[in-house]
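Heads up, the thing below is written out as structure tokens.
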Protein chains: 2
Amino acid sequence: MIHLLRQHIQNRLGDDVEGLDKVLATFEERHFKRGELVLKQGDCCTYVYYIATGCLQVFIYDADINENTRDIVTEDNWCADLTSFGSGQPSAENIKAVEPCVLLAVSRPNFQQLMQTVPQFDKVYRQILEASYANSVYRINTFVSLSALDRIKWLMDYRPKLMSRLSNKLIASYLGISQETFSRLKAKI
Amino acid sequence: MIHLLRQHIQNRLGDDVEGLDKVLATFEERHFKRGELVLKQGDCCTYVYYIATGCLQVFIYDADINENTRDIVTEDNWCADLTSFGSGQPSAENIKAVEPCVLLAVSRPNFQQLMQTVPQFDKVYRQILEASYANSVYRINTFVSLSALDRIKWLMDYRPKLMSRLSNKLIASYLGISQETFSRLKAKI
DNA sequence: TAAAAACGTTGACTTTTGTCAACGCCCTTT
DNA sequence: AAAGGGCGTTGACAAAAGTCAACGTTTTTA
């Protein structure tokens with residue numbers, strides 16, 4: 001699966017990336033079953049994952065033990081609790097494979113070494129950060145400015161494939177509404 | 001006001017920052033009155049601002065011309081629409097001085113030159129990104145997991161000074177609720 | 001300083017959303 | 001194949017939040 005990561009990086013930095021082989025050699029391939037936890041809250045997030053295939057849910061539990069979904073990330077994207085990963089503090093978040101997943105993982109020590117020794121990897125990291133941040137900004141704006149119905153319409157426009165790919169329960173959680181409300185509002189469109 | 005930025009950088013990178021004077025010389029000091037727009041949606045965000053003093057509101061308008069607040073940023077922090085700044089595309093967001101502000105601004109060309117010529121500036125930018133992102137993640141989690149009442153309590157804990165410093169109208173908008181609901185819920189605590 | 005505008009609160013009412021329960025369906029899993 | 005569990009939908013009701021209006025207060029601004 002490493003060729004997918006190679007392509008991902010080359011798409012962003014060009015075909016001639018110095019140190020690319022060194023970078024790729026540092027990643028470990030890890031497989032997760034549907035429903036399996038990749039990261040459990042309280043544990044430190046010691047890996048950053050490139051999703052070769054599959055789909056991850058990033059979520060926190062509220063007082064009633066509901067899963068509240070901060071993000072849903074699909075193949076050819078990166079996933080981690082970057083806050084925990086960067087600080088070394090325990091994670092407040094959980095990451096779960098909602099489909100069978102093949103992930104390519106870099107550990108924290110390896111990541112830091114790559115950052116220091118491969119300048120191009122530094123660029124990759126910045127792009128991960130920028131993309132994650134841009135995504136978050138979008139998402140916050142939907143929460144402060146849109147009704148539940150409009151958030152559904154927004155998701156249909158912005159990430160249409162998610163609608164057919166994931167369970168309604170998960171999408172409702174991603175939109176910050178109950179499963180029942182999602183079911184009812186969806187029927188109105 | 002440039003000494004505030006100097007201190008900000010030294011606090012993060014140490015007292016001996018190579019190229020610091022070059023960096024500081026690149027910033028322009030700009031003053032904004034209370035209520036003045038720093039960035040208007042549709043315009044490109046051509047500056048990144050370090051807030052020396054004051055407070056900025058980042059917001060978008062919805063269909064009813066309400067101001068929906070994505071973020072509130074106070075002195076000794078950075079503010080911009082990084083998505084627009086990075087891509088050069090028109091901004092979807094507005095930035096307004098909600099208090100009289102002194103901002104230190106770097107233009108896009110100067111920013112890019114610093115990134116290429118001063119390695120330490122690169123680190124500063126990454127820290128801005130990481131901090132902005134961490135802040136966004138927190139904020140999303142409050143929206144997907146907390147009720148309006150709990151978001152108010154969260155704000156009291158997480159950013160207590162904002163509560164006394166800003167108008168209720170603005171805080172309500174930041175929390176994604178109406179001014180009236182905020183007034184009523186606040187009375188319950 | 002006086003007028004105007006914006007703000008904060010409260011009441012009455014509407015709309016939106018959540019909760020609990022029931023039911024059929026699909027999908028595992030044994 | 002049968003049992004069990006989870007999912008998606010719907011109904012009935014409750015709770016939460018929004019809207020509109022009014023009013024006194026504070027803040028701007030002319």
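Residue numbers start from 1 in every chain, and the chains themselves are labelled A, B, ... in the order their sequence lines are given, proteins ahead of strands.
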Review point. Start at the 5' end of DNA chain D and walk down; is the nucleotide closest to Glu180(B) or to Lys169(A) reached first?
Key: Lys169(A)
Revision key, fill the gap. Nearest-nucleotide check on DNA chain D, Asn66(B) vs Lys188(B); residue mapping nearer the 5' end is Lys188(B)
Once you apply a heavy-atom cut-off of 4.0 Å, does [X] come out as touching a base, just sugar-phosphate, or nothing?
| X | value |
| --- | --- |
| Ala187(A) | nothing |
| Arg34(B) | sugar-phosphate |
| Leu149(A) | nothing |
| Gly35(B) | nothing |

Check your understanding: Quick one: do Lys96(B) and Glu36(B) make a salt bridge, cutoff under 4.0 Å?
Key -> no
Review point. Quick one: do Arg159(A) and Asp71(A) make a salt bridge, cutoff under 4.0 Å?
Key: yes
Spacing of [X] atom [atom1] relative to [N] atom [atom2], expressed in whole Å:
| X | N | atom1 | atom2 | value |
| --- | --- | --- | --- | --- |
| Ile177(B) | dT16(C) | CD1 | P | 18 Å |
| Phe182(B) | dG8(C) | CZ | P | 9 Å |
| Leu170(B) | dA6(C) | CG | C1' | 14 Å |
| Leu146(A) | dT16(C) | CG | P | 15 Å |
| Ile171(B) | dC7(C) | CD1 | C1' | 13 Å |
| Leu166(B) | dC7(C) | CG | P | 13 Å |

If you check every side-chain atom of [X], which of [options] has the closest atom?
| X | options | answer |
| --- | --- | --- |
| Ser183(B) | dT9(D), dG18(C), dT9(C) | dT9(C) |
| Ser167(A) | dG8(D), dT17(C), dA17(D) | dG8(D) |
| Leu185(A) | dG8(D), dT9(C), dT17(C) | dT17(C) |
| Asn168(A) | dG11(C), dG8(D), dG8(C) | dG8(D) |
| Ser178(B) | dG18(D), dT9(D), dC7(C) | dG18(D) |

If only side-chain N and O atoms of [X] are considered, is one of them under 4.0 Å from the OP1 or OP2 phosphate oxygen of [N]?
| X | N | answer |
| --- | --- | --- |
| Lys186(B) | dT9(C) | yes |
| Arg184(A) | dT16(C) | no |
| Thr181(A) | dT17(C) | no |

Check your understanding: Is a side-chain N or O of Thr181(A) found less than 3.5 angstrom from the main chain of Ile177(A), in a donor-acceptor match?
Key -> no
**Study point:** Near-ring test Phe111(A)/Phe85(A), centroid separation under 6.0 angstrom
**Key:** yes
Practice item. Establish whether the base of dC7(C) is bridged to the side chain of Gln179(B) by a donor-acceptor pair shorter than 3.5 Å. Key: no
Point to revise | Donor on one side chain, acceptor on other, Tyr50(A) and Asp76(A), under 3.5 Å | key: yes
Practice item. Please list, chain by chain and in numerical order, all residues satisfying side-chain contact (heavy atoms from CB on, under 4.5 Å) with Tyr61(B), sequence neighbours excluded. Key: Gln41(B), Phe59(B), Ile65(B), Glu67(B), Asn94(B)
